[in-house]
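Shown next, in structure tokens, is the structure this report addresses.
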Amino acid sequence: IVLDIDETSLLNWPRIYQDDYAYIPSVPGGHCDFVQVGDPCGDLDWQQSARAAAIGPTLALYKLARCIEQAASCTKVDVFFVTGRREQAHNDEMASVWTLRNLQLAGFDGIARDHLYMRDPASTGSVSIHKTAARTEIEDKLGFVIIANVGDQNSDLVGGHAEMTFKVPNPFYFID
């Protein structure tokens with residue numbers, strides 16, 4: 001199974017609301033204190049804070065696939081996270097570190113670093129290029145069959161390399 005992260009596995013609504021739907025990459029000081037309505041919270045600052053909550057149905061799917069809180073006879077299915085987040089340092093910490101921390105804190109237990117695909121910081125063009133390449137590697141190089149690919153954007157789902165695709169709604173933004 002392949003899961004997208006933002007607005008598929010983790011909910012960024014508090015930052016989106018706080019920023020009045022604006023995209024702000026980062027703010028000086030890098031804090032998301034939410035002291036007053038309208039205090040800016042940069043996207044990277046929010047991600048690094050690891051405060052995004054799990055989206056319930058996606059977390060339930062993950063736990064079912066990974067046999068968490070399931071009967072002993074359950075057979076585990078590998079779950080990969082393929083995100084458009086760029087693997088770059090922010091405040092002296094790599095994005096994969098805070099992404100894995102947030103997933104863990106939100107209840108997605110036991111994700112190995114090799115099951116998280118981050119976007120190259122120098123990549124250009126549509127994020128679908130990165131996501132298709134990641135799924136291709138998971139199938140062709142690692143030998144997995146992707147039985148389900150779940151995301152909130154068409155760019156999460158195009159390019160093949162999945163038996164089934166599932167698009168979850170995202171009323172906040174569109175990514176090409």
Side-chain angles (χ1 to χ4, degrees), residues 1-13 15-16 19 21-26 30 41-50 52 54-55 57-59 61-62 65-66 77-104 106 108 110-176:
I1 296 174
V2 168
L3 299 176
D4 172 51
I5 295 180
D6 296 303
E7 277 56 71
T8 299
S9 299
L10 296 176
L11 183 64
N12 297 302
W13 170 244
R15 188 218 39 96
I16 293 167
D19 289 340
Y21 294 89
Y23 174 75
I24 302 169
S26 184
C41 173
D43 189 53
L44 292 174
D45 307 318
W46 169 256
Q47 290 175 18
Q48 192 171 32
S49 78
I55 294 179
T58 308
L59 180 58
L61 172 64
Y62 176 81
R66 298 302 299 148
V77 173
D78 279 84
V79 177
F80 293 86
F81 289 83
V82 178
T83 181
R85 293 180 177 192
R86 295 179 185 274
E87 178 64 314
Q88 59 192 9
H90 180 67
N91 297 326
D92 299 318
E93 187 177 38
M94 295 303 291
S96 57
V97 173
W98 75 66
T99 297
L100 287 169
R101 180 174 60 239
N102 195 162
L103 287 165
Q104 178 73 30
F108 294 90
I111 303 167
R113 175 61 182 92
D114 66 351
H115 279 52
L116 172 64
Y117 283 77
M118 305 288 291
R119 189 175 183 191
D120 185 309
S123 70
T124 58
S126 172
V127 70
S128 66
I129 296 166
H130 154 70
K131 293 194 172 205
T132 300
R135 291 191 311 274
T136 301
E137 180 176 314
I138 291 166
E139 287 196 325
D140 295 349
K141 186 176 176 185
L142 302 179
F144 289 93
V145 173
I146 299 171
I147 58 173
N149 180 20
V150 183
D152 66 302
Q153 304 287 324
N154 287 334
S155 58
D156 297 329
L157 308 174
V158 299
H161 295 280
E163 300 283 315
M164 298 282 296
T165 59
F166 301 91
K167 187 173 185 299
V168 298
N170 178 345
F172 308 125
Y173 58 84
F174 170 78
I175 297 175
D176 184 24

| If you take all heavy atoms of V168 and T8, which pair is closest and at what distance? |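 Shortest heavy-atom contact: CG2-OG1, 3.9 Å.
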| field | Minimum heavy-atom distance L10-A106, with the two atoms named | value | CD2-CB, 3.7 Å
| said: Quick check on side-chain contact (heavy atoms from CB on, under 4.5 Å): which of L61, D4, D156, V2 does V150 satisfy it with? | reply: L61
| query | With a 6.0 Å cut-off on ring centres, are Y23 and Y173 close enough? | reply |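 No: the rings miss the under 6.0 Å criterion.
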| said: Contact between D19 and W46 at the side-chain level, heavy atoms closer than 4.5 Å - yes or no? | reply: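 With C-beta onward as the side chain, the pair stays apart.
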| request: Please identify each residue that fulfils ring-ring contact (aromatic ring centres under 6.0 Å, His included) with F80, with sequence neighbours left out. | output: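 Residues passing ring-ring contact (aromatic ring centres under 6.0 Å, His included) with F80: H115, F144.
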| query | What residues form a salt bridge (charged side-chain N to carboxylate O under 4.0 Å, His left out) with R101, not counting sequence neighbours? | reply |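 By the salt bridge (charged side-chain N to carboxylate O under 4.0 Å, His left out) rule, R101 matches E93.
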| task | Verify, without hydrogens or angle tests, whether K131 (side chain) and S155 (backbone) share a donor-acceptor contact under 3.5 angstrom. | result |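 No.
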| task | Answer yes or no: is there a donor N or O on one side and an acceptor on the other, between the side chain of E87 and the main chain of S96, under 3.5 Å? | result | yes
| request: Would you sort out whether E137 and H161 count as a side chain to side chain contact (heavy atoms under 4.5 Å, CB included), showing the intermediate values? | output: CA-CA 9 Å; E137 180 176 314; H161 295 280; over 6 Å; no
| query | Taking atom NZ of K167 and atom CG of D152, what is their separation to the nearest 0.5 Å? | reply |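 K167 atom NZ to D152 atom CG measures 6.5 Å (nearest 0.5 Å).
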| message | Could you walk me through whether L100 and Q104 satisfy the side chain to side chain contact (heavy atoms under 4.5 Å, CB included) test, starting with their C-alpha distance in whole Å, then the side-chain angles of each, then the deciding distance to 0.1 Å, before giving a yes or no? | response | CA-CA 6 Å; L100 287 169; Q104 178 73 30; over 6 Å; no
